[in-house]
**Q** 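Encoded as structure tokens, here's the structure I'll be asking about.
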Amino acid sequence: MKGMNLKEIDTEKFQHDLLEWYKREKRDLPWRKERDPYKIWVSEVMLQQTRVETVIPYFERFMEKFPTLEALSEAEEEQVLKAWEGLGYYSRIRNLHSAVKEVKEKYGGKVPDTLEEMTSLKGVGPYTAGAVLSIAYGKPYPAVDGNVMRVASRILSIWEDIAKPASRKIFEEAIHRLMYTEDPSSFNQALMELGALICTPTSPSCLLCPVQEHCHAFEEGVQEELPVKTRKKSMKLVHIGAVVLKNKEGKFLIHKREATGLLANLWEFPNFEMTSFLDPETRLRKLLEETYKIDSLIHNGTFAKIQHVFSHLTWDIDVYAGEIQNEIPEDERVKLVKPEEIQDFAFPVSHQKIWKEYKRTIRE
DNA sequence: TAATCGTGGAG
DNA sequence: TCTCCAAGATT
């Protein structure tokens with residue numbers, strides 16, 4: 001918005017009120033006990049678009065498995081993916097794993113302390129770079145996430161659409177002007193904590209807010225109108241036919257997904273997009289033959305129908321069972337595994353549901 | 001820029 | 001049930 005003039009606030013008092021509240025009310029989170037830049041970094045990546053309560057157990061387990069940057073850099077991808085299983089946005093862990101290796105080689109294992117070096121790492125954008133540099137190294141960079149944009153839009157009455165990528169700069173500049181340079185770590189975290197606990201998306205607790213007297217949105221009674229955020233359009237629906245295939249030795253066929261795109265490098269049961277519903281068993285049999293050279297016997301009828309909702313599309317999965325009649329060569333992306341070994345592979349939640357239904361319905 | 005990329009919880 | 005969303009990055 002051109003000519004947009006930021007409201008003036010008493011910066012020093014704002015910082016004081018915010019920081020005092022933060023010291024008093026901050027949650028006792030696992031990563032707040034840590035100073036290790038590696039651990040701060042991991043927590044920030046896990047927290048991207050993910051709730052704190054969801055992240056906590058993942059973070060604890062991850063730190064037991066990979067307690068140091070070096071440990072993670074030396075780990076096998078299978079093992080690392082397994083530790084991320086169920087967290088979603090799997091490119092985050094692929095990028096983090098790659099970035100950690102780069103830090104090991106290029107920076108001798110020390111997480112960079114400059115904005116340029118940090119941002120150059122895979123999966124590290126403006127937010128994560130600012131968060132790690134401020135929290136782990138005390139550098140006065142803003143860490144602008146959804147919370148901070150919401151809080152800032154209300155306090156400073158900024159009516160930029162936070163859904164637009166270009167808006168982030170506006171908020172970074174605004175926050176930079178408010179930055180408490182004596183303690184950037186606490187300042188950034190305090191803003192996010194305020195957004196999480198008080199200045200919530202709906203029904204903000206303005207009466208409990210430590211910086212209420214600084215808030216222009218509250219003064220004008222428009223806190224519920226901010227931030228401005230345009231909706232995104234509704235999603236696609238995709239019909240999938242999936243098959244749980246057992247061979248004569250009682251092993252199950254699993255397939256590793258492509259290295260890029262949706263659910264990259266995760267394991268799955270063979271499945272195909274079904275454009276037609278005419279005789280799905282025959283169609284699946286043909287696709288299995290073409291794709292994997294599998295001579296199969298598909299049972300009539302589905303044993304489960306599963307709907308799985310992603311952020312931008314929905315899968316309607318019809319799940320069939322069948323037997324493999326011929327010998328299948330295994331390779332990097334096609335494996336035959338015993339039922340008790342399924343748990344050793346990283347599956348997306350959608351295919352965990354398939355396996356769970358299979359065990360519940362078919363076996364016993 | 002707009003789309004892509006997961007999941008589980010809340011209102 | 002439906003909609004939105006939660007400490008974003010990448011292409």
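So you know, we letter chains A, B, ... as the sequences are listed, proteins then strands, and number each from 1.
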**Q** Consider salt bridge (charged side-chain N to carboxylate O under 4.0 Å, His left out). Of A:Arg27, A:Lys26, A:Lys23, which one does A:Glu193 pass it with?
**A**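 That would be A:Arg27.
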**Q** Distance criterion of 3.5 Å, no angle test: do you see the side chain of A:Ser311 paired donor-to-acceptor with the base of B:dG6?
**A** yes
**Q** Would a line drawn from the ring center of A:Tyr292 to the ring center of A:His255 be shorter than 6.0 Å?
**A** yes
**Q** Between atom CD in A:Glu44 and atom C1' in C:dA6, what is the gap in whole Å?
**A** 13 Å
**Q** Distance check needed: C:dT10 P versus A:Arg92 CZ, whole Å only.
**A** 13 Å
**Q** Before we go on, tell me: are the rings of A:Tyr38 and A:Trp41 under 6.0 Å apart, centre to centre?
**A** no
**Q** Say we look at C:dA6 and B:dC5: how far apart would their C1' atoms be, to the nearest angstrom?
**A** 15 Å
**Q** If you pin A:Arg51 and A:Tyr89 to their nearest nucleotides in DNA chain C, which one's is more 5'?
**A** A:Arg51
**Q** Hey, does A:Trp31 reach any base, or is it just sugar-phosphate, or nothing, if we go heavy atoms under 4.0 Å?
**A**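 Base contact.
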**Q** Report the residue (A:Pro165 or A:Lys353) whose heavy-atom-nearest nucleotide on DNA chain B is the more 5′ of the two.
**A**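 Closer to the 5' end of DNA chain B: A:Pro165.
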**Q** Between A:Ser167 and A:Ser350, which residue's closest nucleotide on DNA chain B lies nearer the 5′ terminus?
**A** A:Ser167
**Q** Among C:dT10, B:dG6, C:dG8, which is the nearest nucleotide to the side chain of A:Asn95?
**A** C:dT10
**Q** Pick base, sugar-phosphate or nothing for A:Val124, based on heavy-atom distances below 4.0 Å to the nucleic acid.
**A**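 Result for A:Val124 = sugar-phosphate.
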**Q** With a non-hydrogen cut-off below 4.0 angstrom, is A:Thr128 in contact with a base, only sugar-phosphate, or nothing?
**A** sugar-phosphate
**Q** Rounding to an integer number of Å, can you tell me how far A:Met149 CE sits from C:dG8 C1'?
**A** 9 Å
**Q** Between A:Arg94 and A:Thr260, does a side chain to side chain donor-acceptor pair (under 3.5 Å) hold up when you go through it step by step?
**A** CA-CA 10 Å; A:Arg94 210 176 54 250; A:Thr260 59; over 6 Å; no
**Q** Using the P atom as the reference point in each nucleotide, state the distance between B:dG6 and C:dT11 in Å, no decimals.
**A**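 Comparing P positions in B:dG6 and C:dT11 gives a spacing of 14 Å.
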**Q** With side chains defined as the heavy atoms from C-beta onward, is the minimum distance between A:Ile56 and A:Trp31 less than 4.5 Å?
**A**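 Yes. Closest side-chain heavy atoms under 4.5 Å.
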**Q** How many whole angstroms separate atom CG of A:Leu47 from atom C1' of C:dA6?
**A**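 In whole Å, C:dA6 C1' and A:Leu47 CG are 9 Å from each other.
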**Q** Answer yes or no: does a side-chain N or O of A:His312 lie under 4.0 Å from OP1 or OP2 of B:dC5?
**A**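 Result: yes.
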**Q** So does A:Tyr90 get a side-chain nitrogen or oxygen closer than 4.0 Å to the phosphate oxygens (OP1/OP2) of B:dT7?
**A** yes
**Q** Compare the minimum distances between each of B:dT7, C:dA6, B:dA2 and the side chain of A:Val349, then state the nucleotide with the smallest one.
**A**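 Comparing B:dT7, C:dA6, B:dA2 against the side chain of A:Val349, the answer is B:dT7.
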**Q** Round to a whole Å and report the spacing from CZ of A:Phe310 to P of C:dA6.
**A** 21 Å
**Q** Using a 4.0 Å heavy-atom cut-off across all strands, classify A:Arg27 as base, sugar-phosphate, or nothing.
**A**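 Base contact.
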**Q** Between A:Lys122 and A:Gln189, which residue's closest nucleotide on DNA chain C lies nearer the 5′ terminus?
**A** A:Gln189
**Q** Base, sugar-phosphate, or nothing: which does A:Leu191 touch, judged by heavy atoms less than 4.0 Å apart?
**A**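 Answer is nothing: A:Leu191 stays at 4.0 Å or more from every strand.
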**Q** Whole angstrom is fine here: how far is it from CD1 in A:Ile162 over to P in C:dG8?
**A**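 So the two atoms are 11 Å apart, to the nearest Å.
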**Q** I want to verify a distance call: between C:dG8, C:dA9, B:dT1, whose nearest atom is closest to the A:Pro126 side chain?
**A**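 Nearest to the side-chain atoms of A:Pro126, counting from C-beta on, is C:dA9.
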**Q** Does a side-chain N or O from A:His308 land closer than 4.0 Å to OP1 or OP2 of B:dT7, or not?
**A** yes
**Q** To the nearest Å, give me how far apart CD1 (A:Ile93) and P (B:dG6) are.
**A**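 Nearest whole value for this atom pair: 13 Å.
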**Q** If you go through the side-chain atoms of A:Thr50, does one of them form a donor-acceptor pair with the base of B:dG6 closer than 3.5 Å?
**A**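 For A:Thr50, whose side chain was compared with the base of B:dG6, there is a donor-acceptor pair (under 3.5 Å).
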**Q** At under 4.0 Å between heavy atoms, what does A:Ala264 touch on the DNA or RNA strands: base, sugar-phosphate, or nothing?
**A** nothing
**Q** For nucleotides B:dA3 and C:dC4, find the distance between their P atoms and express it as a whole number of Å.
**A** 15 Å
**Q** Is the closest side-chain donor-acceptor distance between A:Glu78 and A:Trp267 under 3.5 Å?
**A** yes
**Q** Roughly, in whole Å, what's the span from CZ in A:Arg150 to C1' in C:dC5?
**A** 10 Å
**Q** How would you label the contact of A:Gly261 with the nucleic acid (heavy atoms, under 4.0 Å): base, sugar-phosphate, or nothing?
**A** sugar-phosphate
**Q** Using a strict 4.0 Å threshold on nitrogen-to-oxygen distance, state whether A:Arg285 and A:Glu289 make a salt bridge.
**A** no
**Q** Using a 4.0 Å heavy-atom cut-off across all strands, classify A:Leu87 as base, sugar-phosphate, or nothing.
**A**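 If one applies the 4.0 Å heavy-atom cut-off, A:Leu87 turns out to touch a base.
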